[in-house]
Amino acid sequence: MDRKIKQRIAFTTFRIFSVSVVLMLVSILGFIVFNGAKAINWTFLTASPTEGMTAGGIFPAIVGTFYLVVGSMLFALPLGITAAIYTVEYGGETRIIRIMRIMTNNLAGVPSVVFGLFGMTLFVNKMGFGSSLLAGSLTLALLALPLIIRTTEEALKAVPDSYRTGSLALGATKLTTIRRVVLPAAFPNILTGIILSVGRVSGETAPILFTVAAYFLPHLPDSIFDQAMALPYHLYVLATSGTDMEATRPMAYGTALVLIFIVLLMNALVSLLRNSLKNKNSNE
Amino acid sequence: MIEAKNVNFYYGDFQALRNINMEIGQQTVTALIGPSGCGKSTFLRLFNRMNDLIENTRLEGECVVNDQNIYNRSVDVDELRKEVGMVFQKPNPFPKSIFENVAYGLRVNGNNNKKSVTQRVEESLISAALWDEVKDKLHKSAFELSGGQQQRLCIARALAVSPMVLLMDEPASALDPVSTSKIEELIHRLKTDYTIVIVTHNMQQAARVSDKTAFFMLGELVEYSDTKKMFLNPDKEATQNYITGRFG
């Protein structure tokens with residue numbers, strides 16, 4: 001066969017496949033927007049579910065997800081960022097650090113339902129927190145930790161060594177160098193990692209299933225030992241159980257839309273950050 | 001003032017410096033020359049203990065600054081580095097404003113008096129012959145400066161903490177000829193106040209800026225004398241060969 005025709009066939013095949021992937025993503029998104037948009041209104045965003053989840057809104061679930069994101073980050077950020085600072089700035093390339101790195105990578109690959117089971121065993125039962133915001137936040141924090149450690153490590157490694165030597169040569173201590181030069185330089189990339197993990201945490205269902213999520217609560221949680229509703233679990237509930245499935249369907253799509261909107265918003269923030277970072281680097 | 005006594009230095013099993021004995025006088029410019037890998041940069045970095053940052057290295061002998069062996073246990077490395085400043089081969093300003101780059105050394109050493117910091121920053125930029133070019137944009141990013149300006153900024157940054165000794169590791173090798181001559185003029189002026197040790201690959205540069213020159217080869221100090229004598233009438237044949245460009 002003619003070589004040019006071969007080329008053309010190959011490229012056409014590639015093009016068809018890649019376009020079909022995009023089409024699939026767009027159609028999923030379009031499907032949810034199309035079905036969910038009808039459900040979105042002020043009441044939907046600000047009221048509790050009523051009449052067996054067939055009316056009212058998802059406000060408690062939005063609040064619950066917000067609490068869980070904040071709670072999990074409160075635990076995961078200090079722990080993850082300090083761990084990364086240790087491995088990159090202090091650890092060197094020792095055996096222990098290599099083992100830590102392999103473990104972190106493996107932790108990132110553990111299915112989220114396993115984190116859920118672990119959280120239930122440890123936080124809910126052994127530590128006696130019960131099904132609560134505290135237990136759910138801790139479980140989600142465990143899930144987010146590997147991601148935060150990895151992204152922070154990459155961010156720190158991207159800081160040129162010449163900044164460190166320059167600072168040390170001026171008589172700054174190692175700690176001062178990290179605090180005043182390395183961390184500020186790494187900050188935009190660390191922030192990117194934080195936002196990615198916020199997106200991840202806000203969308204997970206399995207880890208909160210046994211540790212915090214409530215089917216329905218008449219009031220908002222008012223302590224860290226309370227249960228809470230959350231968007232992904234609420235969606236699961238709306239889609240799988242209910243007295244009148246037909247009536248809850250629009251509510252489910254609306255919830256999905258809100259959840260996707262939140263995650264997409266996070267990702268948009270990431271790319272904005274990356275771009276501003278790129279502009280900054282091109283000045284160098 | 002600065003002295004190396006029986007210095008041997010190893011990277012792992014590789015011996016980079018062999019029994020170096022050398023005295024460097026106050027307020028002079030001393031050039032360290034020699035082919036790549038001869039140990040001249042390693043030797044330079046001994047005096048602010050930058051080699052400490054490289055793993056698996058070992059030093060024998062003494063490095064004396066101000067009558068004190070700087071490798072004594074009692075020596076505070078951070079304090080030493082305020083006394084012995086360093087300028088690197090590639091300009092390495094921090095991703096901060098021009099002002100903050102120079103103020104950095106003062107701030108990390110606890111000077112938070114706004115007036116005195118501002119004054120010291122200005123003095124340092126004047127000493128580094130950069131003030132006129134940057135005085136109207138002190139709060140712009142240091143990355144907006146040209147390579148030569150960045151290197152003079154790094155010199156200003158080192159001067160701000162009032163060191164006695166300035167170590168320069170090929171400070172002009174990444175710069176264009178005009179910037180290079182500016183740096184050389186600067187070195188000339190700074191020697192009235194500072195003891196300067198400069199590593200250079202450029203023989204003409206060594207001849208132009210230095211009072212004394214040390215020729216290193218294969219980790220040994222081959223010859224050390226007045227720059228004039230070294231370039232006109234060296235004692236050793238190896239020095240003669242290197243200076244006239246027969247190898248290196």
Side-chain angles (χ1 to χ4, degrees), chain A residues 85-101 152 154-193 273-284, chain B residues 44-45 47-56 76-96 100-111 124 140-145 147 150 153-154 156-163 165-169 174:
Chain A
I85 290 174
Y86 177 74
T87 56
V88 175
E89 302 294 330
Y90 289 93
E93 275 304 314
T94 60
R95 229 179 127 108
I96 297 169
I97 297 294
R98 270 205 297 279
I99 292 171
M100 269 179 73
R101 196 157 289 147
T152 308
E154 294 308 318
L156 293 172
K157 280 186 199 158
V159 175
D161 256 340
S162 65
Y163 292 179
R164 295 184 181 85
T165 49
S167 171
L168 292 171
L170 289 166
T173 60
K174 190 161 186 168
L175 191 61
T176 307
T177 300
I178 292 169
R179 198 164 56 85
R180 302 190 77 141
V181 177
V182 180
L183 281 180
F187 182 70
N189 281 339
I190 295 177
L191 201 60
T192 306
L273 256 173
R274 282 215 186 107
N275 286 342
S276 73
L277 194 73
K278 246 183 222 158
N279 290 339
K280 215 171 148 194
N281 285 343
S282 60
N283 284 340
E284 282 178 35
Chain B
L44 185 80
R45 286 198 308 266
F47 290 98
N48 65 346
R49 294 188 56 171
M50 278 323 239
N51 287 334
D52 292 15
L53 303 178
I54 304 167
E55 273 173 54
N56 201 16
D76 181 338
V77 180
D78 303 316
E79 290 298 320
L80 168 75
R81 288 178 185 151
K82 282 174 219 164
E83 296 294 320
V84 185
M86 186 161 214
V87 177
F88 297 86
Q89 181 170 5
K90 219 176 141 235
N92 61 342
F94 301 128
K96 298 173 186 288
E100 283 305 321
N101 261 281
V102 184
Y104 182 82
L106 303 168
R107 295 201 198 285
V108 300
N109 292 315
N111 186 343
S124 309
K140 290 261 172 74
S141 165
F143 293 142
E144 289 182 19
L145 299 175
Q150 287 188 10
L153 181 69
C154 292
R157 185 174 74 181
L159 296 181
V161 291
S162 312
V165 182
L166 208 50
L167 307 175
M168 301 180 135
D169 193 355

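Chain letters run A, B, ... following the sequence lines, proteins first and then strands; every chain starts at 1.
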Qualifying residue, where the test is side chain to side chain contact (heavy atoms under 4.5 Å, CB included) with Leu170(A) and the options are Met86(B), Arg157(B), Arg107(B): Arg157(B)
Inter-residue atom distance Thr177(A).OG1 - Tyr104(B).OH, 0.5 Å rounding: 4.5 Å
Spatial distance of atom CD (Gln89(B)) from atom OG (Ser162(A)) [nearest 0.5 Å]: 12.0 Å
Whether over 12 other heavy atoms sit under 6.0 Å from Ile54(B) CD1: yes
Top of Val87(B), Val161(B), Leu53(B), Asn92(B) for chain A proximity - count of heavy-atom pairs under 4.5 angstrom: Asn92(B)
Parallel, tilted or perpendicular: rings of Tyr163(A) and Phe143(B) (30°, 60°): parallel
Contact origin within Lys90(B) toward chain A - heavy atom pairs under 4.5 Å: neither
Proximity breakdown for Pro163(B) and chain A, heavy-atom pairs closer than 4.5 Å: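 It is neither, since no heavy atom gets under 4.5 Å.
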Compare every heavy atom of [Y] with every heavy atom of [X], then report the nearest pair and how far apart it is.
X	Y	answer
Ala169(A)	Met50(B)	CB-CE, 3.7 Å
Val108(B)	Arg180(A)	CG1-CD, 3.8 Å
Val181(A)	Phe94(B)	CG1-CD2, 3.8 Å

